[in-house]
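Worksheet: the structure to be examined is printed underneath.
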Amino acid sequence: MKKCKSILTLCAIFLFAFCPTVQAQTNEQKEENPMKEVCNFLKHCGAYYLATVEDDQPRVRPFGTAAIFENHLYIQTGKRKNVAKQMQMNPKIEICAYDAATGEWLRIAATVVPDERREAKVFMLEEYPMLKSMYSPDDDNTLVLYLKDATATFYSFSGAPREVKF
């Protein structure tokens, strides 16, 4: 019985590795909702790194919020932080996340759009209740932004990069 399972496992690995049809079907399944796939990857990693520009100097810092609200991928920060000021001056950002368990990583290039609506702030704080001790939907500090014109590229050491847009 063990020998049969081993042979079946090897066949599955062979099919996936060497059969373009199986790979194409898997990629098609992943691309059905690219925004959700990207959001799930970011959440799974826990921390990701967001890059901005300040004058001519790149700035990178860890972030941990990602949620889909009204068909947009949102992130959250504080208006008083340098990152918020940098995104206001230049809304083009990049995000990089690495999943050590799978050896896969993700890069996202996008433009951030602030959303000042209370509903968006409430949603993000409900998704991340631990932030309620620092932020409120009614304070003058909470900043939620969604990604616009995003291009996300999935990478791994074992395959070709795969790009999705949302």
Side-chain angles (χ1 to χ4, degrees), residues 20 23-132 134-135 137 141-166:
Q23 288 178 339
Q25 288 171 348
T26 303
N27 287 341
E28 285 172 14
Q29 290 169 351
K30 286 183 178 180
E31 293 175 14
E32 285 178 12
N33 190 340
M35 186 186 317
K36 186 174 180 180
E37 181 185 7
V38 167
C39 186
N40 288 342
F41 191 96
L42 293 174
K43 284 183 175 192
H44 177 74
C45 289
Y48 57 89
Y49 296 87
L50 184 135
T52 58
V53 175
E54 181 177 49
D55 299 322
D56 67 342
Q57 181 66 43
R59 302 288 183 192
V60 181
R61 81 280 294 148
F63 261 61
T65 56
I68 296 174
F69 177 66
E70 295 182 350
N71 205 33
H72 292 291
L73 179 56
Y74 276 77
I75 60 173
Q76 187 274 333
T77 190
K79 289 181 183 177
R80 296 183 193 108
K81 293 182 177 182
N82 286 339
V83 66
K85 295 169 189 168
Q86 292 156 7
M87 288 187 289
Q88 182 179 3
M89 293 296 294
N90 182 351
K92 292 182 180 180
I93 57 120
E94 284 211 1
I95 291 173
C96 186
Y98 178 69
D99 183 349
T102 65
E104 296 176 325
W105 64 99
L106 170 67
R107 288 182 57 198
I108 306 167
T111 301
V112 289
V113 178
D115 187 341
E116 292 294 336
R117 295 177 303 147
R118 188 176 193 282
E119 307 88 71
K121 294 175 184 180
V122 167
F123 177 82
M124 285 301 288
L125 292 172
E126 289 300 318
E127 288 288 306
Y128 293 90
M130 68 287 233
L131 295 177
K132 290 180 179 181
M134 298 182 301
Y135 299 102
N141 187 34
T142 302
L143 177 62
V144 296
L145 311 105
Y146 65 87
L147 304 187
K148 177 182 163 190
D149 301 327
T151 299
T153 308
F154 291 90
Y155 297 90
S156 75
F157 291 114
S158 61
R162 182 174 58 86
E163 188 177 277
V164 297
K165 296 182 182 225
F166 57 92

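Separation of atoms CD1 (I75) and CE (M87) is listed at 5.0 Å; rounding is to 0.5 Å. Taken from CD in E54 to CG in N90, the straight-line distance is 11.5 Å, to the nearest 0.5 Å. One distance of note links OG1 of T111 with CG of D149; it measures 5.5 Å at 0.5 Å rounding. Remark: I95 CD1 to F41 CZ distance equals 12.0 Å, nearest 0.5 Å. Note that CG of D115 and CD of E70 are 7.5 Å apart. Values are rounded to the nearest 0.5 Å. A distance of 12.0 Å separates CG in N40 from CE in M35, rounded to the nearest 0.5 Å.
When atom types are taken as modelled, the side chain of Y128 and the backbone of A66 share a donor-acceptor pair closer than 3.5 angstrom. Counting only distance, with no hydrogens or angles, the side chain of N141 and the backbone of R80 share a donor-acceptor pair below 3.5 Å. The backbone N or O of Q57 lies less than 3.5 Å from no partner atom in the side chain of D55, so there is not a single donor-acceptor pair.
Of all the heavy atoms in E116 and L143, the pair that sits closest is OE2-CD1, 4.0 Å. Minimum interatomic distance between A97 and Y48 (heavy atoms only, all atoms of both residues): CB-CB, 3.7 Å. A pairwise comparison of heavy atoms in F69 and A120 identifies CE2-CA, 3.6 Å as the closest pair. Across V144 and Y74, no two heavy atoms sit closer than the pair CB-CD2, 4.1 Å. Scanning both residues, Q76 and F63, for their nearest heavy atoms gives O-CE2, 3.5 Å. Between E127 and A67, the closest heavy-atom pair is CG-CB, 3.9 Å.
Around CE of M89, the count of heavy atoms belonging to other residues, nucleotides or ligands within 6.0 Å does not exceed 12. Around the CD atom of Q88, the shell of radius 6.0 Å holds no more than 12 heavy atoms that belong to other residues, nucleotides or ligands. Crowding of K132 atom NZ: a count of heavy atoms from other residues, nucleotides or ligands under 6.0 Å exceeding 12.
A 4.5 Å side-chain heavy-atom check between P137 and L125 finds at least one atom pair inside the cut-off. Residues T153 and L106 fail the side-chain proximity criterion, which asks for heavy atoms closer than 4.5 Å. Here the side chains of N82 and R59 are not in contact, with every heavy-atom distance at 4.5 Å or above. Looking at heavy atoms from C-beta onward, T77 lies in side-chain contact with L145 at the 4.5 angstrom threshold. Between L42 and I108, some side-chain heavy-atom pair lies under the 4.5 Å cut-off. In this structure the side chain of L131 reaches within 4.5 angstrom of the side chain of T65, judged on heavy atoms.
Under 4.0 Å is where a charged nitrogen must lie from a carboxylate oxygen, and between R162 and E104 no such pair does.
The side chain to side chain donor-acceptor pair (under 3.5 Å) test with T52 is passed by exactly one of E94, R61, K85: R61.
Relative ring orientation between W105 and Y98 is described as tilted, the plane-to-plane angle lying within the 30° to 60° band.
In this structure Y135 satisfies the ring pair (Phe, Tyr, Trp, His ring centres under 6.0 Å) test with no other residue, sequence neighbours excluded.
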